[in-house]
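What follows is a single structure, written as structure tokens, with notes after it.
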Amino acid sequence: MNTATGSRKLTIARAMAEATAQEMRQDPTVFVMGEDVGPLGGVFGNTRGLYDEFGAERIRDTPISETAFIGAAVGAASDGMRPIVELMFVDFFGVCMDAIYNMMAKNTYFSGGKVKVPMVLMTSTGGGYSDGGQHSQCLYGTFAHLPGMKVVVPSNAYDAKGLMTAAIRDDNPVVFMYHKSLQGMGWLGTEKGATVATPEEPYTVEIGKAAVVKEGRDLTLVSLGAGVHHCLRAAKALGEEGVDVEVVDLRSLVPLDRETVRASVAKTGRLIVVDEDYHSYGVSGEIIASVAEHDPACLKAAPRRVAYPDIPIPFAPTMEQWALPNADKIVDAFHQMMTQ
Amino acid sequence: MQPTNDQRLWMYRQMVTSRHLEERIETLYMEGKTPVFNMAKGPIPGEMHLSNGQEPCAVGVCAHLNAEDIVVATHRPHHIAVAKGVDLNAMVAEIFGKATGLSGGRGGHMHLFDAAVNFSCSGIIGESLGPAAGAALSRKMQGKPGVAVAFLGEGAANQGVFHEALNLAAVWKLPVVFVIEDNAWGISVAKQASTAVPRNDVRASGYNMPGVHVADNDVEGVFAAAGTAIARARDGQGPTLIEIETSRLAGHFMGDGEDYRPEGEKAGLQSRDPIPRYRQQLLEAGLLDEAADTRLVGEAHERVEAAIRFAQESDFLPPEAALETVFV
């Protein structure tokens, strides 16, 4: 870390923009396209300042035509460019998923590895601010389930910058899912823990490597994105009860770092997975299965999950906040685990 | 725009090659599928969409293209692949699913990728338009030569992506040409039952680009329309939409009983088969005589036979190779 800038803190939004700018300066094939990525700088701030430096040709506002411009990104990536394309809300995948999972994710395989599709699909996730059920979903499991695309979900600005740089340099398609509550946009509420010291010089965070963000002996909490911060708060609360909690930040869903999860649970014997995505058929089930099918004997108690109920996301704050994962629910889940 | 004599003979040769390939595939496809038709059986399993009758669309467009130009084709891709210069041996081996195929058998006949000549295709209606527009954007941004052509069927003009991609290409003035092969049928649904306009080329006006119609599956009509559109794209003047009235002389896929066709339609189409018509045109123009035609057809057939032998003699990859090339 550069000592002169070692304490410089960035929001995830600024970290994403800085990574993008640095890659664009040294690689003319990198460009950005999406809705409102130009003069506005992205609805969630992650392209702020890029238009002024690189202009309309490389920071390209698109029509509201996700099917066309994500399909176009596939064509451009296959022809030697490295597009970064934004799907403003992940919820909008419904209008353009064919371009994503049938072309972006499959063309390399269909070509026997001869056609590379080096593109980044960045998309916002998450709710908690009463934006209703079409602007608040996470859908991590939906994307991670479909083969052929890497999927990353940063929880803080350091990882966001390193993962973005790695994603841009990757020869495979990477879905970069950033949680709105971590972006550092005041109007969305801001998770302070996401704004962390971030080096100015370019660096990568390896895609496919989880991080143990807090070490502990008694319980493993596994999460991603905003959930990591709930886990850290829960770890603090449980620490006051004398419970030594380990927190694993997955950072990448594809490839999934099962080894780090298994090693942690082998040590603690207890596992709670925290996921703001829907409860069933998702990340939480996959993590528990990864442990259970490998070594069920390491578990001292049945694993638990604190995830979003299998319901569309309601508008009313009372209902939405009731449904979302939080630190209290994680603490409760641990208490229930210990009384069984 | 008139083709040169060399271009005329080139177009005829590609049509003959493509047709012979389809006729041979038709025979081979049915091996193991009689008396009971089971799509999973035989040396070529899966769906098979033959291009018989649509050859003029492929050759009239590709006559203007070089290897560096990009073509994205449809689920019915063989005639276009042949005309674009896709490696025939590797293409046929891919259709057989062999190790020597374009992608070692991971793609199959709807997913032919040959990066050497910038050819690809895909299995879902309307998927060609976005990638073609994007490849055109890539050339424009990189300042590299080359235009992109998206082939699509008339049914794809009712997909959302058709309208999104035409608008995008026009807004960004991309060097791309959209070529609709109008064979009048979306599987079993007739064009007039599915499409609000009799001709899709009129839809170009909604996207501020030229719309051109080619009647009667006319090889040189396609050549002329495509020549103008591609020259326009190369010159930086933006996209064009072309609709070609063509004919599907086979079913939607093999095994299609085609009961939906009106009585006599198929016979009428076959009597207007574009290949004998073009042959006659070339004979009358003095570009061919019977001996030259026999020689040309013989050479084309031998090329196809050699590709089929190559495919048949090739091995399959070990099954576990299925796990490779998900990522690079």
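The greatest number of non-hydrogen atom pairs below 4.5 Å with chain A, out of B/Ile70, B/Leu112, B/Ile124, B/Val72, is found for B/Ile124. Taking chain A as the reference chain and counting heavy-atom pairs below 4.5 Å, the highest number among B/Pro131, B/Ala165, B/Ala321 is found for B/Pro131.
Aromatic rings of A/Phe44 and A/Phe89 (six-membered ring for Trp) have centroids within the 6.0 Å cut-off, being under it.
Within a 6.0 Å sphere centred on CD1 of A/Ile64, heavy atoms belonging to other residues, nucleotides or ligands number 12 at most.
Only the side chain of A/Met33 comes within less than 4.5 Å of a heavy atom of chain B; its backbone N, CA, C and O stay farther away. Contact of B/Leu102 with chain A is made through the backbone alone, with heavy-atom distances under 4.5 Å. A/Val85 does not touch chain B: none of its heavy atoms, backbone or side chain, sits under 4.5 Å away. Contacts of B/Ala322 with chain A are made by both backbone and side-chain atoms, with heavy-atom separations under 4.5 Å.
Screening A/Val254, A/Asp257, A/Leu163, A/Leu253 for a side-chain contact (heavy atoms from CB on, under 4.5 Å) involving A/Ile207 leaves a single residue, A/Leu163.
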Pairs of donor and acceptor atoms, chain A with chain B, under 3.5 Å:
{"unit_1": "A/Thr67", "atom_1": "N", "unit_2": "B/Glu164", "atom_2": "OE1", "d": "3.1"}
{"unit_1": "A/Ala68", "atom_1": "N", "unit_2": "B/Glu164", "atom_2": "OE1", "d": "2.9"}
{"unit_1": "A/Ala72", "atom_1": "N", "unit_2": "B/Gly130", "atom_2": "O", "d": "3.4"}
{"unit_1": "A/Asp79", "atom_1": "O", "unit_2": "B/Ser138", "atom_2": "OG", "d": "3.3"}
{"unit_1": "A/Asp79", "atom_1": "O", "unit_2": "B/Gln142", "atom_2": "NE2", "d": "3.2"}
{"unit_1": "A/Asp79", "atom_1": "OD1", "unit_2": "B/Arg139", "atom_2": "NE", "d": "3.3"}
{"unit_1": "A/Asp79", "atom_1": "OD1", "unit_2": "B/Arg139", "atom_2": "NH2", "d": "2.9"}
{"unit_1": "A/Asp79", "atom_1": "OD2", "unit_2": "B/Ser138", "atom_2": "OG", "d": "2.7"}
{"unit_1": "A/Asp79", "atom_1": "OD2", "unit_2": "B/Arg139", "atom_2": "NE", "d": "2.7"}
{"unit_1": "A/Tyr109", "atom_1": "OH", "unit_2": "B/Ala322", "atom_2": "O", "d": "2.7"}
{"unit_1": "A/Phe110", "atom_1": "O", "unit_2": "B/Ser103", "atom_2": "OG", "d": "2.7"}
{"unit_1": "A/Lys114", "atom_1": "NZ", "unit_2": "B/Leu102", "atom_2": "O", "d": "2.4"}
{"unit_1": "A/Asn172", "atom_1": "OD1", "unit_2": "B/Val328", "atom_2": "N", "d": "2.8"}
{"unit_1": "A/Asn172", "atom_1": "ND2", "unit_2": "B/Val328", "atom_2": "O", "d": "3.0"}

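Residues A/Ser284 and A/Asp275 bring no donor and acceptor atom of their side chains to less than 3.5 Å of each other. In this structure, a donor-acceptor pair under 3.5 Å is present between the side chains of A/Gln137 and A/Asp91.
With sequence neighbours left out, the side-chain hydrogen bond (donor to acceptor under 3.5 Å, both in side chains) criterion links A/Gln26 to A/Glu23.
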